Number of protein chains: 2
Amino acid sequence: TIYVVTPTYARLVQKAELVRLSQTLSLVPRLHWVVVEDAETPTPLVSALLAASGLRFTHLVALTPKGQRLREGEPGWVRPRGVEQRNRALDWLRGKETAVGGERDPPPEGARGVVYFADDDNTYSRELFEEMRGTRGVSVWPVGLVGGLRFEGPQVQGGQVVGFHTAWEPDRPFPLDMAGFAVSLPLLLSRPGAQFDPTAPRGHLESSLLSHLIDPKDLEPRASNCTRVLVWHTRTEKPKMKQEEQLQRLGRGSDPGIEV
Amino acid sequence: TIYVVTPTYARLVQKAELVRLSQTLSLVPRLHWVVVEDAETPTPLVSALLAASGLRFTHLVALTPKGQRLREGEPGWVRPRGVEQRNRALDWLRGKETAVGGERDPPPEGARGVVYFADDDNTYSRELFEEMRGTRGVSVWPVGLVGGLRFEGPQVQGGQVVGFHTAWEPDRPFPLDMAGFAVSLPLLLSRPGAQFDPTAPRGHLESSLLSHLIDPKDLEPRASNCTRVLVWHTRTEKPKMKQEEQLQRLGRGSDPGIEV
Ligand SMILES: O=c1ccn([C@@H]2O[C@H](COP(=O)(O)OP(=O)(O)O)[C@@H](O)[C@H]2O)c(=O)[nH]1
Ligand SMILES: O=c1ccn([C@@H]2O[C@H](COP(=O)(O)OP(=O)(O)O)[C@@H](O)[C@H]2O)c(=O)[nH]1
Ligand SMILES: [Mn+2]
Ligand SMILES: [Mn+2]
């Protein structure tokens, strides 16, 4: 089973993003979608969407603590997003967290499986999931349209990862995007302390998890020795709502009873 | 058969968009994808993607004439996009245009079918296609995140379209987004002159086709009398390539042999 962990938060494009991601995931056999809402309690929109998706899923919630976002003396600091949510999913996989919907039991003792962190706005080729399915430790591949580059990804020689193509701090232990690796479930469960560090410096979030799990030289290259791009770090424009605000002032806004 | 007409043009996110759209379409039975490249000749990227998609498809090309884009004395004018491409697809359906790949023969004489214009960047629920399948003339439904509103769409009373929710020029004959209607193939073929007018004023492109085909009061409401949003006018951010340009100047740009 591939456990796909998706943090998500309420915004205008949320339903669109989750619909197209759920449709992609529905093409993948033996998949379990772990959706973690950045919310205090589950929302009707996400709950209904999951129920209608036809996917095996678990619904969790984890509100990003507001206080953690801004820190004095760190003006350029952008807190990484989705961290509390991904850690909550790790807690659930370890039997330390209760689900609010879907399958509540964590994977049974000794279960095989792979864990992949799939943000709600990226674009995934269905082929990617077959590439990661056989992950023994941590598998890796390139990610398109990320880090100001056409792609970032591991450099492979003789079937081994020998470096990373990236423009930004190439000396990070794992200069990989969140969408560029998957972890075997048994490995993850064998390291109870392995999780994402919400205080990691920018670009070091992935390393904060992976450093607990593996040596960079043991990464398993996938996608034809990391020569094929099967996932893209797309971002969706925030829709403009100027007309909506004008009509709402006139009492003629879009029917709030219609979910978008 | 649903003929889904998609104009597309080369840009960084093109493959990502077409991959996720093709995956959505692969969930829909009895569908034929008519992809029209804004290019002089078919590109290897699109040709390979179509061949690998597993979909029934036809590949066409239609280059947007550069001269048509800017006109003197029309500073705020934004030429609508994808027009030549959609018209080329209509030509193919009418047996007046040769395909460059995929199924070359147009639908056989007397074939039933529905034509839908699906831009490559919107988000489509698989349910939308079942809503449009029974179209007799022109069917309509709401579109999310368009026109500065949460959604635009027809207003329905007693099963009939009696108006349109829109903020912009509500007196247009058909104040509908391209993603908000489908046309029956026999109707389209019975009106050989029906096509999109590339010189139509902004917001009047849809009307330029539909005025040839139907009276607004005969539109067939779908999606629970136009109360469900099953398509979203999403737009994808243009990725920043600052680091790519820097690395390229150093001769260390992303491997151009890897398709993104
Ligand atoms: O306040 C937030 C912002 C983002 N996210 C989720 O975290 C992931 C990464 O966020 P985003 O895509 O905005 O980050 P970026 O594209 O900038 O890496 C996505 O699945 C979001 O839905 C979240 O749960 N709460
Ligand atoms: O020069 C262009 C610009 C756009 N398009 C296509 O035309 C459709 C509408 O374009 P776009 O999504 O950019 O328009 P908007 O979102 O602004 O309505 C899309 O399928 C594009 O791929 C095209 O073929 N050539
Ligand atoms: Mn993102
Ligand atoms: Mn668009």
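Convention: sequence-line order gives letters A, B, ...; per-chain numbering from 1. All values derive from a computational prediction rather than experimental measurement.
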| Can you tell me how far the CZ atom of R252(A) sits from the CG atom of L149(B), to the nearest 0.5 Å? | 10.5 Å
| task | Give the member of T227(B), V231(B), V229(B), T123(B) that has the highest number of heavy-atom pairs under 4.5 Å with chain A. | result | T123(B)
| What residue, out of N122(B), T166(B), V260(B), L27(B), has the most heavy-atom pairs lying under 4.5 Å from chain A? | V260(B)
| field | Among the listed options S125(B), G144(B), P142(B), P256(B), the residue most often paired with chain A at heavy-atom distances under 4.5 Å | value | S125(B)
| said: For a quick test of reading the model, state the closest non-hydrogen atom pair linking H165(B) to L247(A) and the distance between them. | reply: CE1-CD1, 3.9 Å
| query | Who wins among V146(B), T24(B), D255(B) for the most heavy-atom pairs under 4.5 Å with chain A? | reply | D255(B)
| query | Using non-hydrogen atoms only, which part of Q23(B) is less than 4.5 Å away from chain A: side chain, backbone, both, or neither? | reply | both
| query | What's the spacing between Q243(B) CD and W168(A) CH2 if we round to 0.5 Å? | reply | 10.0 Å
| Hey, which of K240(A), E17(A), R126(A) has the most heavy atom pairs under 4.5 Å with chain B? | R126(A)
| If contact means a heavy atom pair closer than 4.5 Å, which residues of residues 40-47 of chain A contact chain B? | none
| note | Correct closest heavy-atom pair for W232(A) and A16(B) would be CG-CB, 3.6 Å
| query | CG/L145(B) to CE/M241(A) distance, rounded to the nearest 0.5 angstrom? | reply | 5.5 Å
| field | For chain B, the option from S254(A), G253(A), G153(A) that forms the most heavy-atom pairs under 4.5 Å | value | S254(A)
| field | Contact origin within V13(A) toward chain B - heavy atom pairs under 4.5 Å | value | both
| message | Show the nearest heavy-atom pair for residues R150(B) and E244(A), with the distance to one decimal. | response | N-OE1, 2.6 Å
| request: Just do the side-chain contact (heavy atoms from CB on, under 4.5 Å) check on R20(A) and T234(B) with the steps written out, would you? | output: CA-CA 11 Å; R20(A) 64 181 160 190; T234(B) 42; 3.7 Å; yes
| query | In Å, rounded to the nearest 0.5 Å, how long is the span from OG1 of T236(B) to CZ of R235(A)? | reply | 11.5 Å
